[in-house]
Amino acid sequence: MDGETRTIVWFRRDLRIEDNPALAAAARDGSVFPVYIWCPKEEGQFFPGRVSRWWLKNSLAQLEKSLTSLGAPLAFIKTQDTFTALLECVKAVGATKVVFNHLYDPVSLVRDHEIKQKLAEVAIPVRSYNGDLLYEPWEVYDEKGHAFTTFDAYWQKCMSLPMEPVAQFPPWHLVSATGTIQSCSVEELGLEHESEKSSNALLGRGWSPGWSSADKALSDFIELHLHEYSKSRLKVGGNSTSLLSPYLHFGELSIRKVFQCVQLKHILYVKEENILGKESANLYLKAIGFREYSRYLCFNFPFTLEQPLLRNLKFFPWNPNMDRFKAWRQGRTGYPLVDAGMRELWATGWLHNRIRVIVSSFCVKYLLLPWRWGMKYFWDTLLDADLESDILGWQYISGSLPDGHELDRLDNPEIQGAKYDPEGEYVRQWLPELARMPSNWIHHPWNAPLTVLQSAGVELGLNYPKPIIEIDEARESLTKAIFTMWERESSARAGSTNGTSEEVHDNSENFELPIPTVILSVKAAGSTASSRDQRVPSFQPVKNNPISRKRSKNIYDEEAIPGKLPNHNKAGPSKEDEEDSWTAESSYKKQATSSSFSVPHSWMSSSTGNLLQDCEHSDPVQASEELNATDQCPSKMGE
Ligand SMILES: Cc1cc2nc3c(=O)[nH]c(=O)nc-3n(C[C@H](O)[C@H](O)[C@H](O)COP(=O)(O)OP(=O)(O)OC[C@H]3O[C@@H](n4cnc5c(N)ncnc54)[C@H](O)[C@@H]3O)c2cc1C
């Protein structure tokens, strides 16, 4: 061990000791200075919501204790600028190196890339590692060097590649590199506001953040529940899945470890000819694959943060109706399964994947609300809020992925209720006003005879709303919207090919981008030479990209209801992008100059815009406080 090497270990969303490559490398080299830097300003519109910050705070507290017991306490810094804070640490400690583990969301990609460049300018060696994925997103391409745009092909390729094993032993002792910096306590980071504490206290009853709880949750799941996963994951109530997503989001659990533990079980099940176990393990590994894929898409198509992967939605006539958005958020749409989901989300910060699909589809297909609005609301309220998985989920349901739901697929919440909550237990749990409704009417109380409603104490329009929109009307509006989208798309194409200046403007996207093809061999300026090191994406846009033409089978749904509309030629963009290449950085800069993603800001200035102020804000802290305080949101639901 070279005693002269003093390394700053910059923790972010890798809050664990075990199988943490950056920490392990630093510990091998010499003394370490672990630091967590909290810079609310840099979080921008992706400032984490209340429950997510609660989780982070508790997880950091546990990590601090663990690192202290290993010999190198974790320093906390609250700052206005991450690079400046890192540089201060380097100077104070006399550090010879900075290390960290990769993140792949578009905002982190840009920030990390800039920090690397700036550290290089002041001659500080910096090294980054894969601590969050089975496969780096720049390792998986097709034979032509193009990025995959369908999950099955991507995952098949992944499964043919070798995987790095879990590091055998976590460091058992750390040599601390000392230095005096302006640090603070985890409490002083300000992750939890006074006003939030009483609501958050309840979260502690159901969840236990931190790497040691993550380890326990994993072993419990594998020993007790994995075997039944293929059956139980279809139940929407209760703990029917692994509930590991918040741990995985904050890197409290190594994904390699999860994968290898499940794979071992799979081998065992195969040996035992245990069909259910085998199917369950396979499905679970595939679920992990979706998480990998979400990072893969965000890295290779960083614009998906604000624009759908398929360009078709660019011309979709969204209905930015604030009242509808509010009714959806509050769980007052009149559709019990949707409302139960939205109340559970608000009360607990948690939703089963099936319910996420149902409520998000309702938001987009019934209410015609822009998908990014829903995505931002999920981001603000989910305990496992994860930018990449959130983007993948919302694009999946809104017809934006080649292998996602079709845009014209309209699921009926009444039928879904009968299928996923046959006894109505889930609805009764979250909608006490419907608690006495008999099971055969609970998912469609509007059809129930008056006598049934009366004996259940339900007064539609008074203590439970009538449907915000009738199913037939929703189907008609969606069909009309899709035709309008096609018309707009055709006239835009005609306008751009005949040389006229006629333009059709989308009402939610502020700029347009053709879907680029990722070319493996093109390297972004400034990307580092090491193959283990972080890359930044680089694209070459092409004409008529095939992504928008084909639609494969759905990636994570059991069944697909055949589309009601005739096939439409979803031709790719005819207008060539003028830029030669795209990087995450350029995407981010565009985002910075555009208000397109930020749900409220595009509408704040309009006459109806201020209606959104109750749940969306330019000041994220204030926004989250208002979100909690507002009497318009169902804040009484369980918190
Ligand atoms: C509209 C929408 C938004 C979503 N937003 C998020 C989000 O913000 N954060 C988040 O972690 N997941 C999100 N998901 C994915 C999925 O719903 C959750 O990962 C899953 O429900 C978490 O529960 P679990 O850990 O018990 O999952 P399990 O079924 O036990 O799966 C194990 C792990 O696999 C991963 N996984 C499973 N399904 C998916 C998926 N469809 N996409 C990506 N990863 C998956 C998760 O890391 C999960 O912890 C979203 C899905 C949809 C449809």
Side-chain angles (χ1 to χ4, degrees), residues 13 46 48-49 51-52 55 104-105 132-134 151 154-155 206-207 214 217-218 220-222 225-226 228-255 258-259 261-262 280-298 328 338 341-342 344-345 348-365 369 371-398 400-401 403-405 411 554-558:
R13 292 202 295 273
F46 296 106
V51 288
S52 185
W55 189 286
Y104 308 90
D105 67 276
D132 188 50
L133 288 180
L134 303 172
F151 174 76
Y154 162 78
W155 193 233
W207 297 93
L218 175 64
D220 283 356
F221 174 70
I222 291 194
H225 306 293
L226 175 64
E228 304 288 313
Y229 180 74
S230 80
K231 274 197 303 190
S232 56
R233 81 201 161 92
L234 300 175
K235 292 187 204 133
V236 295
N239 302 346
S240 55
T241 54
S242 70
L243 309 180
L244 289 182
S245 51
Y247 297 111
L248 289 170
H249 170 72
F250 284 109
E252 295 161 6
L253 203 52
S254 151
I255 194 71
V258 178
F259 192 88
C261 289
V262 177
S280 291
N282 264 334
L283 280 168
Y284 196 80
L285 294 177
K286 199 170 160 194
I288 291 173
F290 295 139
R291 180 179 179 277
E292 294 275 309
Y293 190 54
S294 71
R295 271 107 180 108
Y296 182 79
L297 282 187
C298 273
W328 178 74
V338 174
M342 294 311 287
E344 181 186 14
L345 173 61
T348 66
W350 178 257
L351 278 186
H352 185 287
N353 183 63
R354 168 63 43 201
I355 299 292
R356 294 185 205 211
V357 171
I358 290 170
V359 299
S360 56
S361 301
F362 190 88
C363 171
V364 169
K365 310 278 183 74
L369 291 166
W371 68 274
R372 288 170 304 175
W373 290 23
M375 176 189 139
K376 179 69 164 64
Y377 183 69
F378 267 29
W379 168 260
D380 287 339
T381 49
L382 276 171
L383 199 61
D384 61 10
D386 177 278
L387 202 47
E388 295 97 316
S389 302
D390 202 13
I391 293 171
L392 179 71
W394 281 87
Q395 295 218 37
Y396 166 75
I397 60 92
S398 64
S400 307
L401 295 178
D403 49 357
H405 279 186
D411 289 330
N554 292 340
I555 49 175
Y556 52 78
D557 228 35
E558 286 81 45

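Every number for a ligand or one of its atoms is a count from 1 in the order of the listing. Note that the numbering runs from 1 along the sequence shown for the chain. Only a predicted model underlies this, so the values are computations on that prediction, with no experimental measurement involved.
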**Student:** Say whether Y396 and ligand 1 are in contact under the criterion: heavy-atom distance to a ligand atom below 4.0 Å.
**Tutor:** no

**Student:** Do the side chain of S52 and the main chain of A385 share a donor and acceptor less than 3.5 angstrom apart?
**Tutor:** no

**Student:** Indicate, with yes or no, if the rings of W328 and F362 have centres closer together than 6.0 Å.
**Tutor:** no

**Student:** Give the numbers and elements of all ligand 1 atoms closer than 4.0 Å to a heavy atom of S360.
**Tutor:** 1 (C)

**Student:** Report the relative orientation of the aromatic rings in F290 and F151; use parallel for angles under 30°, tilted for 30 to 60°, perpendicular for over 60°.
**Tutor:**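 Taking F151 first and then F290, their aromatic rings sit tilted (interplane angle of 30° to 60°).
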
**Student:** Regarding ligand 1, does L248 bring an N or O atom to under 3.5 Å of one of the ligand's N or O atoms?
**Tutor:**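 By distance alone, the answer is no.
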
**Student:** Would the distance check show the side chain of T348 and the main-chain N or O of L345 forming a donor-acceptor pair, the cut-off being under 3.5 Å?
**Tutor:** no

**Student:** Salt bridge check, D384 against R291: does any charged N sit closer than 4.0 Å to a carboxylate O?
**Tutor:** no

**Student:** Please identify which atoms of ligand 1 are closer than 4.0 Å to at least one heavy atom of A385.
**Tutor:**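 Heavy-atom distances to A385 below 4.0 Å select 8 (O).
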
**Student:** How does F378 reach ligand 1, if at all, at less than 4.0 Å between non-hydrogen atoms: by side chain, backbone, both, or neither?
**Tutor:** side chain

**Student:** Hey, does W350 sit under 4.0 Å from ligand 1 if you only count heavy atoms?
**Tutor:** yes

**Student:** Quick check on Y229 - does any of its heavy atoms sit under 4.0 Å from an atom of ligand 1?
**Tutor:** yes

**Student:** Are R356 and W350 in a cation-pi setup, meaning NZ or CZ lies under 6.0 angstrom from the ring centre and within 45 degrees of the ring axis?
**Tutor:**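 Verdict for W350: a cation-pi partner in R356.
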
**Student:** Going by the atom numbers of ligand 1, which of them fall below 4.0 Å from some non-hydrogen atom of S245?
**Tutor:**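 What qualifies from ligand 1 is 11 (O), 22 (C), 23 (O), 25 (O), 49 (O).
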
**Student:** For Y293 and Y296, take the angle between the two ring planes, folded into 0 to 90°, and tell me which bin it lands in: parallel under 30, tilted 30 to 60, perpendicular over 60.
**Tutor:** parallel

**Student:** Could you say whether the N/O atoms of H352 and ligand 1 ever approach to under 3.5 Å?
**Tutor:** no

**Student:** Heavy-atom distances under 4.0 Å decide this one: backbone, side chain, both or neither, for L382 against ligand 1?
**Tutor:**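 Near ligand 1, L382 shows its side chain, while the N, CA, C and O stay back.
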
**Student:** May I ask you to decide if H249's main-chain N or O and D386's side chain share a donor-acceptor pair within less than 3.5 Å?
**Tutor:**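 Answer holds: no.
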
**Student:** Which one of F290, Y247, F221, W394 has a non-hydrogen atom at the shortest distance from atom 1 (C) of ligand 1?
**Tutor:**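 When every heavy atom of F290, Y247, F221, W394 is considered, W394 comes closest to atom 1 (C) of ligand 1.
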
**Student:** For atom 35 (C) of ligand 1, which of the options S232, P246, A287 provides the nearest non-hydrogen atom?
**Tutor:**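 Residue with the shortest heavy-atom distance to the ligand atom: A287.
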
**Student:** Calculate, to the nearest 0.5 Å, the distance between atoms CD1 and CD1 belonging to I358 and I397 respectively.
**Tutor:** 12.0 Å

**Student:** As a check for students: among L285, D384, I391, identify the option with a heavy atom nearest to atom 9 (N) of ligand 1.
**Tutor:**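 Nearest option to atom 9 (N) of ligand 1, by heavy atoms: D384.
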
**Student:** Name the orientation class of the two ring planes belonging to F221 and Y284 (parallel below 30°, tilted from 30 to 60°, perpendicular beyond 60°).
**Tutor:** tilted

**Student:** Should D386 be counted as touching ligand 1, given the test is an N or O pair under 3.5 Å?
**Tutor:**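 Min N/O separation from ligand 1 is below 3.5 Å for D386.
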
**Student:** Looking only at heavy atoms of W379, does any of them come nearer than 4.0 Å to an atom of ligand 1?
**Tutor:** no

**Student:** Got an N/O contact under 3.5 Å between L244 and ligand 1?
**Tutor:** yes

